[in-house]
Amino acid sequence: MAGVVSYGAYIPYHRMSRAELQRAWGGFAMPGEKAVANFDEDSITMAVEAARDCLSGIEHPEIDALFLASTTLPYKEKLGSAIIAAALDLPAEVRTVDFAGTLRVGTSALGCALDAIKAGSAKRVLVVVADMRMGAPAGQFEQALGDGAAALLLGDDNLIAEIDDSYHISDEFSGVWRADGDLHVRSWEDRMVLDEGYSSILPAAISALMKKHDLTPQDFARAVYDAPTDVRRHAKVAKGLGFDPSQVQDTMFMTVGNTGAALATMMFVAALEDARPSDRILLASYGNGADAFIITVADGIDGLGERRGIRKHLASKRMVNNYETYLRWRDLLTLEPARRPERPPMSVSELRRERRQLLSLYGQRCTACGTPQYEVRPGRICVVCQTKDLFEPYRFADKKARVFTFTQDRLQMSNDPPNTAVVIDFEGGGRAMFDLTDRDPDEVEVEMPVEMTFRKLYFNRGIHNYYWKARPVRC
């Protein structure tokens with residue numbers, strides 16, 4: 001039996017009240033708040049965070065394939081999953097695939113991963129779903145859409161949940177879409193979109209799957225299915241199918257917002273956080289059709305161990321108090337450049353040559369005295385014992401650290417000024433300088449505990465330059 005081995009999630013640290021969006025544009029304010037990715041985050045970086053959470057505590061996970069699902073991938077012709085595999089330090093033999101094009105792309109990737117495991121072409125598949133959709137300013141989507149990610153490790157042993165069966169429907173309908181070149185989400189008239197699409201196709205898939213197995217709503221401990229931006233339709237679907245409101249998983253609309261392709265998987269992770277052995281869960285997702293799954297929680301759920309998941313990420317947040325900051329983060333404003341020399345063009349050759357140091361955050365450790373040290377271009381001499389060319393690879397990405405010293409640069413151009421640079425001391429040894437992100441400048445101090453996070457530095461020559469930053473320990 002194939003199923004879920006582990007789960008993880010990521011919700012950005014920053015949130016924005018929808019009342020602040022209403023202040024900027026007037027009109028009607030939806031209640032609650034939404035998760036807002038920082039200016040140095042995108043679907044790739046959020047996916048890495050969710051994947052790291054999923055793999056937490058699993059020693060030497062043997063992963064045969066990594067499937068990335070998103071409607072907001074930063075490249076049209078370059079594998080995002082390959083970048084994630086590098087950041088996670090997965091072996092070169094891992095199979096990497098990107099899934100895109102529909103809001104149910106997360107469950108589509110889940111179905112393909114299950115097929116691969118059942119066929120024997122893969123034993124363990126990591127499925128990561130992330131989305132960072134943008135609504136046009138002053139519109140409904142701008143208030144409703146949030147950012148987030150989730151990850152599921154699938155396999156055929158050590159299961160925390162067994163996936164019993166699935167059902168799939170395809171439907172050609174231009175209800176919500178983005179054409180090539182569109183920055184913002186488009187939609188047709190709400191009643192047409194919801195009546196002909198979501199409220200029709202999604203219940204059809206769920207009903208067909210339950211009928212196939214002679215199940216009723218009362219046979220499920222939890223119903224998990226994504227919602228449109230009009231969350232009232234989510235409740236209407238539950239009522240039409242016969243589910244009690246207590247069975248239906250919260251859509252997180254009030255606290256995170258609609259996270260697009262990631263929503264159903266994030267809701268499923270939230271359901272697993274409260275699940276008990278033998279619970280039966282319905283998982284479904286809509287987008288140009290629908291996918292539905294029957295999942296039974298296994299005894300292994302009790303031994304999985306702590307995850308940040310949905311619950312801890314929800315509890316850890318900082319409010320973005322003005323809409324102008326959001327505009328800066330999304331590059332919707334043209335800012336005066338810093339009066340400094342222009343950044344030199346990015347070198348693809350250098351990115352290739354130093355990829356292990358930049359993407360996997362590898363340094364080296366002296367085999368003579370055991371001292372770790374990190375440099376993008378590693379030296380040949382140990383900084384402590386002066387031994388030459390006696391080093392072994394050493395990964396810093398998972399190491400905690402503390403701030404040794406820091407500076408706040410108010411002259412360098414930044415979408416989140418001031419730019420905070422820190423020199424940190426890693427646990428176990430090693431000292432290096434990184435940018436500090438997700439921080440309150442007034443709270444940065446020497447000896448502050450920090451952890452490493454995979455982020456985007458800048459965009460140049462059509463290339464997104466990813467690297468690691470430090471951040472205050474979260475959760």
Side-chain angles (χ1 to χ4, degrees), residues 3-13 35 37 41-63 65-70 80-81 83-85 87-90 94 96 99 105-107 109-110 113 124-132 146-155 158-161 163 224 249 252 256 259-275 281 283 295 297-298 300-317 397-398 438 451-455 471 473-475:
V4 181
V5 177
S6 180
Y7 63 80
Y10 177 73
I11 300 171
Y13 181 51
E41 297 186 282
D42 63 10
S43 294
I44 295 291
T45 67
M46 292 192 298
V48 170
E49 289 290 332
R52 294 176 75 198
D53 188 40
C54 179
L55 300 178
S56 176
I58 300 179
E59 294 187 7
H60 310 297
E62 295 181 0
I63 298 174
L66 190 159
F67 292 171
L68 169 62
S70 176
S81 52
I83 300 172
I84 296 172
L88 298 177
D89 193 32
L90 299 182
V94 67
T96 50
F99 291 76
V105 69
T107 51
L110 172 63
R124 288 201 171 181
V125 181
L126 180 61
V127 176
V128 193
V129 195
D131 237 353
M132 189 176 159
D147 308 323
L152 300 173
L153 180 61
L154 305 180
N158 299 318
L159 301 182
I160 63 170
I163 301 180
V224 179
Q249 185 64 34
M252 299 181 288
V256 179
T259 56
L263 181 57
T265 313
M266 292 176 69
M267 292 170 63
F268 179 52
V269 169
L272 288 175
E273 290 178 329
D274 296 323
I281 297 175
L283 170 63
I295 300 168
V297 179
I301 192 75
D302 292 332
L304 179 62
E306 286 292 320
R307 296 287 184 276
R308 289 182 175 177
I310 297 297
R311 187 182 297 117
K312 290 186 177 181
H313 278 114
L314 279 177
S316 172
K317 68 178 183 179
D398 299 324
D438 288 356
E451 60 189 1
M452 304 310 295
T453 179
F454 192 70
R455 294 297 172 100
R471 71 170 173 214
V473 174
R474 191 171 171 189
C475 305

Could you give the distance from CD1 (Ile310) to CE (Met267), rounded to the nearest 0.5 Å?
10.0 Å
To check you understand the geometry: which heavy-atom pair defines the closest contact between [X] and [Y], and what is its length?
{"X": "Asp53", "Y": "His313", "result": "OD2-CE1, 4.5 Å"}
{"X": "Val269", "Y": "Gly8", "result": "CG2-O, 3.7 Å"}
{"X": "Ser81", "Y": "Leu68", "result": "N-CD2, 3.6 Å"}
{"X": "Ser43", "Y": "Ser70", "result": "OG-OG, 3.5 Å"}
{"X": "Val94", "Y": "Leu66", "result": "CG2-N, 4.0 Å"}
{"X": "Val297", "Y": "Ala275", "result": "CG2-CB, 3.7 Å"}

Give a yes or no on whether the backbone of [Y] and the side-chain of [X] come within a donor-acceptor separation of less than 3.5 Å.
{"X": "Arg124", "Y": "Leu153", "answer": "no"}
{"X": "Glu451", "Y": "Arg471", "answer": "no"}
{"X": "Asp147", "Y": "Ala37", "answer": "yes"}

If the condition is side chain to side chain contact (heavy atoms under 4.5 Å, CB included), which residues does Ala51 pass it with, not counting sequence neighbours?
Leu88, Leu126, Val128
How would you list, by chain and number, every residue that makes a side chain to side chain contact (heavy atoms under 4.5 Å, CB included) with Asp89, sequence neighbours excluded?
Ser360, Tyr362, Arg395
Working for side-chain contact (heavy atoms from CB on, under 4.5 Å), residues Leu110 and Leu283:
CA-CA 11 Å; Leu110 172 63; Leu283 170 63; 3.8 Å; yes
Compare all side-chain heavy atoms of [X] with those of [Y] and state whether any distance is below 4.5 angstrom.
{"X": "Ile295", "Y": "Val224", "answer": "no"}
{"X": "Ile58", "Y": "Ser6", "answer": "yes"}
{"X": "Met46", "Y": "Asp131", "answer": "no"}
{"X": "Ile83", "Y": "Ile44", "answer": "yes"}
{"X": "Val5", "Y": "Leu159", "answer": "yes"}

Across all chains, not counting sequence neighbours, the ring-ring contact (aromatic ring centres under 6.0 Å, His included) partners of Phe268 are none
Can you list everything that forms a ring-ring contact (aromatic ring centres under 6.0 Å, His included) with Phe99? Sequence neighbours excluded, please.
Phe67
When you look at Arg307 and Lys312, which way does the side-chain contact (heavy atoms from CB on, under 4.5 Å) test go after all the steps?
CA-CA 8 Å; Arg307 296 287 184 276; Lys312 290 186 177 181; over 6 Å; no
With a 4.0 Å cut-off on N to O distance, would you call Asp438 and Lys317 a salt bridge?
no
Do NZ/NE/NH1/NH2 and the carboxylate oxygens of Arg474 and Glu49 come within less than 4.0 Å?
no
Test side-chain contact (heavy atoms from CB on, under 4.5 Å) on Tyr7 and Met266; report intermediate values, then the result.
CA-CA 10 Å; Tyr7 63 80; Met266 292 176 69; over 6 Å; no
Do Thr265 and Leu152 pass the side-chain contact (heavy atoms from CB on, under 4.5 Å) test, and can you show the C-alpha distance, the side-chain angles, and the key distance before you say yes or no?
CA-CA 8 Å; Thr265 313; Leu152 300 173; 4.0 Å; yes
Which residues satisfy the side-chain hydrogen bond (donor to acceptor under 3.5 Å, both in side chains) test with Ser56, sequence neighbours excluded?
none
Tell me, please, which residues at least two apart from Gln249 pass side-chain hydrogen bond (donor to acceptor under 3.5 Å, both in side chains).
Arg222
Between Tyr10 and Glu41, does any side-chain donor sit less than 3.5 Å from a side-chain acceptor?
yes
